[in-house]
Every structure is written in C-alpha cells, then in structure tokens.
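Notes follow the structure.
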Protein chains: 2
Amino acid sequence: MSEVTLRDVARVSGCSVATVSRVLSGTRPVGPETARRVRAAAESLGYRPNQVARALRSRSTGTIGLVLPQITNPFFPSLVREVEHALHAGGRGLLLADCDDDPATEVDRITSLLERQVDALLVIPVDETHSRDAVALAASRVPLVLLDRACGPGVADSVAVDNAAGMALVLDHLAGTGRRRFCFLGAAGTASTAVERRTAYETGIIALDPLAPGRVELGDFSVEWGRAAAERIWPARPDAVVCANDLIAVGAVQRLRQLGADVPGEVAVTGFDDIPMASLSEPTLTTVRQPAADMAAEALRLLDQRLAGRAAEAHRSVRLAPELVVRASSTPRAVGASRAAAPRTTIPSSRSPEEQQ
Amino acid sequence: MSEVTLRDVARVSGCSVATVSRVLSGTRPVGPETARRVRAAAESLGYRPNQVARALRSRSTGTIGLVLPQITNPFFPSLVREVEHALHAGGRGLLLADCDDDPATEVDRITSLLERQVDALLVIPVDETHSRDAVALAASRVPLVLLDRACGPGVADSVAVDNAAGMALVLDHLAGTGRRRFCFLGAAGTASTAVERRTAYETGIIALDPLAPGRVELGDFSVEWGRAAAERIWPARPDAVVCANDLIAVGAVQRLRQLGADVPGEVAVTGFDDIPMASLSEPTLTTVRQPAADMAAEALRLLDQRLAGRAAEAHRSVRLAPELVVRASSTPRAVGASRAAAPRTTIPSSRSPEEQQ
DNA sequence: TTGAAAGCGCTAACAT
DNA sequence: ATGTTAGCGCTTTCAA
C-alpha cells in the first residue's frame, strides 16, 4: 500500500536508487552530503521501505515463525510476549501459528510458515513423538529451535527450563520449612516436562522421605486431575503436596480445603510454571517460575547463530535456571509472599543469560 | 529456502511458467491434460510456492496483522486463537504484535506491520483516546477493523460484544433468582468496555433496586481492586455483587469469603468475559461469555468486504450477543454449573453470525 | 488455451 | 563513492 518507492526518493534526492538503498539500509559507505540529501528526501516523502520487495531480493524476510500447541494454554502467553518483544527490538516480525494441540495441524502450520519464507522457526512441539518428523523436516530447511518442550534427541537446538533444578528447589524449600511427609501429583505420559519433573521428584525425595514413592499419583496437567488426585492422596495425610504444574496445584488446593484440610497450616502445596493464576488464587501458590524472557532471548541467540552460518554444528540443548517463588500455599502462617532467587545454571554451556525484565 | 521454483516445474512439465502459474493458482482456465502434467511435475519436485515473490507481484501478502495491548491479558489468548484459526482456514497468515499496553509502542508496531505489507489490520487499541491517531492513520492505508474495544466514533469498522445486553442478562438472572440488594464493582476511566458495562448496570438497576446507585465502587480491571472494593461494600450487606469483569469478581469472591460471607448462599457474585480462570476458581464464577469465535469471524468478514472494494463506505459497528454462563457463584445452593443461552442480537445490522465452536 | 515478456520494489554485482 | 544493470520468483498483460 505504500505508494512512495525508492525510485521516488532517488528522483527527489537526485541520485540513483542504488545509492538510496545503500543510505537507507546502511549496507555500504556513502558520502555524508549525499546521505543527508537522501534522508531528507525520504523523510519529506514519507518513504517506508517495502519489506516484501526487500525480502525477495535479499532472501531474508526479517520474520520468524512461532509454532505452538495452544495459545490458550496459560503458560504460553508470557513466552509469546517475550519472543515478540525480543524480535521487534531487533526489527523483526513474528508470524504466529496455533496448532490446536493437533500434530496434523502442526504439519500444516509449519508448511505454511515455510512458504511465507520465515527466516527461522521457533517451535513448541505438540507431542514428544508425533511432532518429530515435521520438526526434523522443517529443521532441514531453516534454522529451528525447540522451545519449552523437547522432541526426542538430536532433532534441533532446544531451550527449556531446568526442570530437575526447579524440582530440587521445591524439595529444599519444603524440607527446610519442616515438611516431612511428601506426596507427588504429576502427569503420566512421555512429554519431556512430565518425565523430567517426575524423575527429578523421585530422585530427590528418597533422601527426604523414603516412603514417599508410594504416594505418587499420575494423571494429566489439569485442574480436574489436581482435584481428583488430591482426594486420592489426602487419606495418607501428607504435609506436603508437590504438583507437576500450577493447574494441578490449583485443583489440589481447592479439593484439600473442601476436605477440611488447612492449607498451608496442615499441608503445603506447590506448583510449577508460575502462570498468572498462581498469584491470584487463594491462597497464593508457591511455584517455580520459568524464566520466559531468558528462554526467549536464548532461543533467539541460538537462532541467530544458525542464521550466521553455523548450520552444520551439533544441536545444542540449553537449560535455564528456574526461580522458586514462595507464596502463601507453603508458608507456615500468614508470613506473606516473598521470592528466593536461585543460582542460575546452564547446561551444557555456562553463560549467564540476561536478566528477566 | 525452497529451492524448486516455478521454472523448474515448467521445465519438467514442458510448458511455460505462465501456464504453471495459472494451473497452481487457478487464475485462468487451463487445458485438462496440461494441468495434469503440471500438477504431477509440481508434486514430484515437491514444489512449494514462494509467497514472498507472489506477494510482490500480486500486491497481496495473504497476511494480516493483529495488534493487541498485551497478550498476557487473560481474555486475549482465546481471541488470538480464533483469529488465527479463521485466517489459516482461508490460507492466510497472522503477524502478531504486542504493544505492552503502551500507545507509543502501538504506533511502532503498526508501522512495522504496514512495512511488512499486511493486507489488513485487526487492532485491539491500547487506549480509547491515545490510540486514535495511529489507528486512523493506519486505517487510511489499509483495511482495518477494531476488535473488542472501540476508539472513538468514526475511526474504523469495529466488532465487539454487546456489553449492555450482557449486563442485562446478569441483572435478569440475579433478580430472577431472588437477589434484591445489588452493588456494582466496576472500572473508572473512559475505556469503552468500562463505560458501557457501567452505564448498562446503572440503566438496568433502577427498576430492580432504587438504592443500588449508592452502592457502586469504581477502580480498575484487576483482582486487587476486586478485593479492595469488596471490603468497601460488604458493610452494606448486598446479596448480589455485579462485577465489570472476571478479575474483579475473582478478587471480590476471595475477600468476601475471608470476611466470612457465604458465596453464593448469602451473596452472589458475577463477572464478565469468561476468562479461563472463571471456570477454575472456587466457587466457579457466573459470568458473561464473549463470543470470541463470532467476533473473529465477524471481524474478518468486515475486513474481506473492505478488501473486496467497499473502501469508501461508512464505518460499521457490529455488536455481538453475549452468553450468560451460570456457575456456582450465583447459584442458591450446590446446584452445580449450567448454561443459559441468550438470544443473539446484532446492532445495527441483524445477521446471525456462525456458532461458537 | 498457451507463450513471451514485462515488471512488482528492492539489493547486489559489476562497473566506473 | 556512485551509477548501471541484473535479477529475486512470481503474476499478469499482451499476443498468438
């Protein structure tokens, strides 16, 4: 729709389109006087570069695609926000695709973004196994980084929170505030987040409560399941209920209170992810915050490295340190909310990504 | 990144690039035999059209931009989802821009999307007044529809829920279940949603409870404000607390219960929007659902009409009928959740948009 | 119905 | 440092 083109600016400033292009995109040195004239002309004409034409010629759209399972999943909006901001800060745009939690739709969306010539792809895969082929194929055509969830080994670079470290923070906190009788409400299945959190719990709990492995309930990542699971474990009278995500924890708290339990006095409950609801529920929920801004920044860093040429190198898997957010659901009495910063760890490299805003 | 081009398909199928183009984009009639050969060649080569080249030539990117205040606002993800699905169903793509609730950022994002040659713009304006100029300017360059929030009169086409009808549904429901002493927790300010809901309440409440206008608290659309406002009105012992959105309602329920009130036995609480949290809170929240799918469909319909040429016509403002969702927070006793469908009204036209999925 | 040719607006060689 | 010339991959006149 923009009517004024490079040619117009060239005509008005009295030089060639090539020179104008060079001034405006800063590709090559240009005489200071010419540059001034060009800029003045562009300004007075209200020139806006046509990114489509630029993309066709330079083979780079300045656009990256983000493919995610469901934007309505409460953890994703904050990730989308950070990705969008990081991208726009670098003058790039974000093409968003929502897969409706369906691997077939995911294939379709990836194809569509590729046709639109995205420079690179950020993918939160729908399914550990069913997304593999589509991701691998896409990764062979364009730089691709997996975000938040993995998708089998050796498919692409990936960035995620260190689930094991997060679970360790939770267990330390609960043990440190006197909890002794643990149980775990998790998710069954092979999704990387489900497996990693479950495994980390199992590993860490042995030393704290040898009988805890018998108090594990596995379902899915939902409030419903949290309610049902809470009902099943309450007869065992745990004093700490560790949940694999915030939704499960919210459901667990609701049911425990209905059953007459005092949360947190009698039993502490913890979540994982720090979705918005965690700080708005009653009581507010102790949880593990995923460093969304860091994750976005890391993912773009990896993408930019691939874009800069390191195409053939081995895939890297970056794990970012989570942060424990202590709130009312695990506090002995009305002590209020506070945060404990966790040391940041990165695996396998050991850079320290920029701080979360 | 796609290496195989139209020329390759032309060479393999033994005809000209023009013919291949016509077959693949169905622009003009082509001989059945040729068409078959072309399709076979395209298939065997794994040809994927380059949408950037297509866009440059045809002056249409098949991409629309969505500009919103903050993706982390809990009502927007469902709207984004519906827009994305409606767009992809028509083979189009979605460029997403998040304004961080800042009008200056909004200007920047709109400019960026325009440079990327979006075919049209969907805008949820950040601010009633501060967004006006940017929206008006953008609307002069490309078809633009305002979504969910207005932005002064006569700026562009707009689609939103009928807030007045929603508030009427709430009042009918509460009065019909025996509530007699009302109060309202709303938002101050000039945002269209705040004003419309407030006004509708004031209009409808007179007949039900002449003294209710004295029990109105105005703050912002947050859980915090809901808590504070609940504390301020509880001494008046209302039996119905009408809130201008779900966040306020969630806060109000929390504080009312802390104050010893029985919700819903003693006092009913209602929200607006039906954000995910409304069905997950305890008790579940009676609220007014915004027809997100209908809104998305309507907005695209208006956009497509402008795209099809009706550029000079007067701006249209479509209001879609909301749906009352009755849940536990307004039910006399543990009757459980149920829904009451509302008649759909559309202003000023009277089409009946497709059903919500 | 099909082909040849001319660009869309820009950047990148290649000249100068 | 600047201009000239080719295209990027596609659609769309214009002829045939």
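Hydrogens, waters and symmetry mates are skipped; everything else that's a heavy atom, side chains included, is used. In the text below, chain A, chain B and the rest are named by the order of the sequence lines, each starting its count at 1.
- Within a 6.0 Å radius of CG in B:D133, no more than 12 heavy atoms belonging to other residues, nucleotides or ligands are found.
- Of the candidates A:R54, A:R48, A:R92, A:R48 is the only one forming a salt bridge (charged side-chain N to carboxylate O under 4.0 Å, His left out) with B:E115.
- One can place CD of A:Q117 at 14 Å from P of D:dC8, the figure rounded to the nearest angstrom.
- A salt bridge does not link B:R109 to B:D98: none of the charged side-chain nitrogens sits closer than 4.0 Å to a carboxylate oxygen.
- A side-chain N or O of A:S25 and one of A:T27 form a donor-acceptor pair less than 3.5 Å apart.
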Given protein heavy atoms under 4.0 Å, the one-letter contact record of nucleotides 10-16 of chain D, with B base, S sugar-phosphate only and - none, is simply BBBB---
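- A sub-4.0 Å separation between OP1 or OP2 of D:dA1 and a side-chain N or O of A:T34 is absent.
- Under the salt bridge (charged side-chain N to carboxylate O under 4.0 Å, His left out) criterion, the residue pairs touching residues 24-40 of chain A are A:E33-A:R36, with sequence neighbours excluded.
- The distance between atom CG of A:D8 and atom P of C:dG9, rounded to the nearest whole Å, is 9 Å.
- Rounded to an integer number of Å, the gap from A:R36 CZ to D:dA1 C1' is 17 Å.
- A salt bridge does not link B:E84 to B:R81: none of the charged nitrogens lies less than 4.0 Å from a carboxylate oxygen.
- The interatomic distance linking B:E3 (CD) with D:dC8 (P) rounds to 15 Å, in whole Å.
- Note on the helix from C:dT1-D:dA16 to C:dT16-D:dA1: terminal axis deviation equals 40°, with five pairs used at each end and the result rounded to 10°.
- Applying the side-chain hydrogen bond (donor to acceptor under 3.5 Å, both in side chains) test between B:D157 and each of B:R306, B:R301, B:Q305 identifies B:R306 as the sole match.
- If you check the side chains of B:T63 and B:R116, you find no donor sitting under 3.5 Å from an acceptor.
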